[in-house]
Amino acid sequence: MRRVACPGSFDPVTNGHLDIIGRASRLYDEVVVAVLINIEKNSLFTVEERIEMLTAVTKEYGNVRVEKFHGLLVDFCRQHDIPAIVKGLRAVSDFDYELQMAQLNYRMSGVETLFMSTNPEYSFLSSSRIKEITRYGGDVTGLVPDLVHNVLVERMRG
Ligand SMILES: Cc1cn(CCC(=O)O)c2ccccc12
């Protein structure tokens with residue numbers, strides 16, 4: 001079974017994330033979306049809420065599993081018998097950090113990292129920008145799944 005991990009905070013999942021996850025699901029037998037538990041980060045949604053949203057919006061792919069992890073991603077990959085990570089690259093600015101992480105991860109564990117170019121339609125997207133725009137009354141329709149949009153507006157605007 002060819003598995004790949006797709007790591008992130010997904011606070012919340014955007015259409016940019018979904019684009020990569022969907023394309024990876026067509027290349028691998030199973031995509032394991034790995035939601036990072038980061039206690040230092042002040043998240044808008046709980047890990048459980050993020051897992052719930054990701055599970056709902058990836059159900060249609062049929063071969064996506066959503067898990068949570070803390071600590072090193074390569075330890076998670078080892079525990080789940082996952083030999084590779086897929087990352088979406090939005091712009092050249094992403095590459096420096098991602099290359100460093102890929103080299104470190106490979107050196108530590110032999111886990112490979114495969115890079116996918118994000119759909120240009122979403123290359124400006126990040127969960128932080130989405131939350132910022134929503135907070136100030138902006139419209140993010142079409143940038144996040146409808147399910148996420150509704151929950152996001154409710155959470156941000158109370
Ligand atoms: C472009 C992109 C960034 N990230 C991490 C974002 C995060 O940490 O929430 C992704 C995760 C999955 C698919 C694509 C992406």
Side-chain angles (χ1 to χ4, degrees), residues 2-77 80 82-106 111-135 140 142-149 151-152 155-156:
R2 283 202 175 283
R3 284 194 188 90
V4 72
C6 197
S9 309
F10 304 107
D11 184 39
V13 57
T14 70
N15 283 348
H17 300 144
L18 218 44
D19 175 60
I20 297 289
I21 294 167
R23 287 157 57 189
S25 79
R26 291 194 289 277
L27 294 176
Y28 289 89
D29 299 323
E30 184 178 52
V31 176
V32 183
V33 176
V35 180
L36 176 64
I37 301 168
N38 184 345
I39 44 174
E40 276 102 53
K41 231 175 169 181
N42 185 17
S43 305
L44 178 67
F45 296 104
T46 65
V47 174
E48 297 316 321
E49 287 172 324
R50 286 180 261 158
I51 290 173
E52 206 176 308
M53 287 190 272
L54 275 159
T55 304
V57 299
T58 58
K59 200 179 235 36
E60 64 182 286
Y61 299 131
N63 63 338
V64 175
R65 176 157 55 99
V66 184
E67 302 285 353
K68 58 188 172 187
F69 81 101
H70 52 81
L72 290 176
L73 175 58
V74 289
D75 288 340
F76 172 84
C77 289
H80 289 260
I82 302 172
I85 298 159
V86 69
K87 299 290 289 202
L89 288 180
R90 289 164 292 198
V92 171
S93 50
D94 279 344
F95 186 68
D96 210 11
Y97 171 78
E98 294 299 349
L99 177 64
Q100 193 181 55
M101 284 313 298
Q103 290 168 330
L104 274 167
N105 284 337
Y106 184 76
V111 172
E112 295 284 7
T113 300
L114 290 302
F115 294 114
M116 266 191 192
S117 56
T118 47
N119 182 327
E121 202 180 320
Y122 304 125
S123 52
F124 53 89
L125 266 191
S126 74
S127 300
S128 310
R129 295 294 80 73
I130 289 291
K131 288 180 282 192
E132 218 169 38
I133 293 166
T134 309
R135 181 195 310 276
V140 294
L143 300 179
V144 292
D146 291 345
L147 170 151
V148 173
H149 185 268
V151 178
L152 183 61
R155 183 66 54 93
M156 294 303 283

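Indexing begins at 1, ligand by ligand and atom by atom, following the structure's order.
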Starting from [atom], what is the nearest protein heavy atom, named by residue and atom, and what distance separates them?
atom                    : value
atom 7 (C) of ligand 1  : Ser9 N, 3.3 Å
atom 9 (O) of ligand 1  : Phe10 N, 2.9 Å
atom 14 (C) of ligand 1 : Ile20 CG1, 3.6 Å
atom 10 (C) of ligand 1 : His17 CD2, 3.4 Å

For atom 2 (C) of ligand 1, tell me which residue out of Pro12, Ser127, Gly88, Ser128 has the closest non-hydrogen atom.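 The nearest heavy atom belongs to Gly88.
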
Between NZ of Lys87 and CD1 of Ile20, what distance do you get to the nearest 0.5 Å?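 Answer for the NZ-CD1 pair, Lys87 versus Ile20, is 10.5 Å.
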
Would you say the side-chain atoms of Ser127 pair up with the backbone N or O of Pro12, donor to acceptor, closer than 3.5 Å?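 The answer is yes, because a donor-acceptor pair under 3.5 Å joins these two groups.
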
Judged by atom type as modelled, is there a donor-acceptor pair below 3.5 Å linking the side chain of Thr118 to the main-chain atoms of Leu89?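 Between the backbone of Leu89 and the side chain of Thr118 there is a qualifying donor-acceptor contact (under 3.5 Å).
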
Using a strict 4.0 Å cut-off to heavy atoms of [X], name the atoms of ligand 1 that fall inside it.
X      : result
Pro7   : 11 (C)
Cys6   : 12 (C)
Thr118 : 1 (C)
Arg90  : 1 (C)

Residue part near ligand 1, for Asp11, under 4.0 Å between non-hydrogen atoms: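 Within the 4.0 Å criterion, Asp11 makes no contact with ligand 1.
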
I need the full list of ring pair (Phe, Tyr, Trp, His ring centres under 6.0 Å) pairs touching residues 10-47, with sequence neighbours left out, sorted by first then second residue.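 Counting only pairs at least two positions apart or across chains, the ring pair (Phe, Tyr, Trp, His ring centres under 6.0 Å) contacts touching residues 10-47 are Phe10-His17.
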
State which residues pass side-chain hydrogen bond (donor to acceptor under 3.5 Å, both in side chains) with Asn38; sequence neighbours excluded, sorted by chain then number.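 Asn38 satisfies side-chain hydrogen bond (donor to acceptor under 3.5 Å, both in side chains) with no residue once adjacent residues are dropped.
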
Determine the minimum heavy-atom distance between Phe115 and Ala102, stating which atoms define it.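 Closest approach of Phe115 to Ala102: CZ-CB, 4.0 Å.
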
Does a salt bridge link Arg135 with Glu132, judged by any charged N lying under 4.0 Å from a carboxylate O?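 Result for this pair is no, no salt bridge flagged.
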
Under a 3.5 Å cutoff, is there a donor and acceptor pairing between the side chains of Arg50 and Ser43?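 Looking only at side-chain atoms, Ser43 and Arg50 do form a donor-acceptor pair, the distance falling under 3.5 Å.
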
Does Ile21 come within less than 4.0 Å of ligand 1, judged by its heavy atoms?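 False for this residue.
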
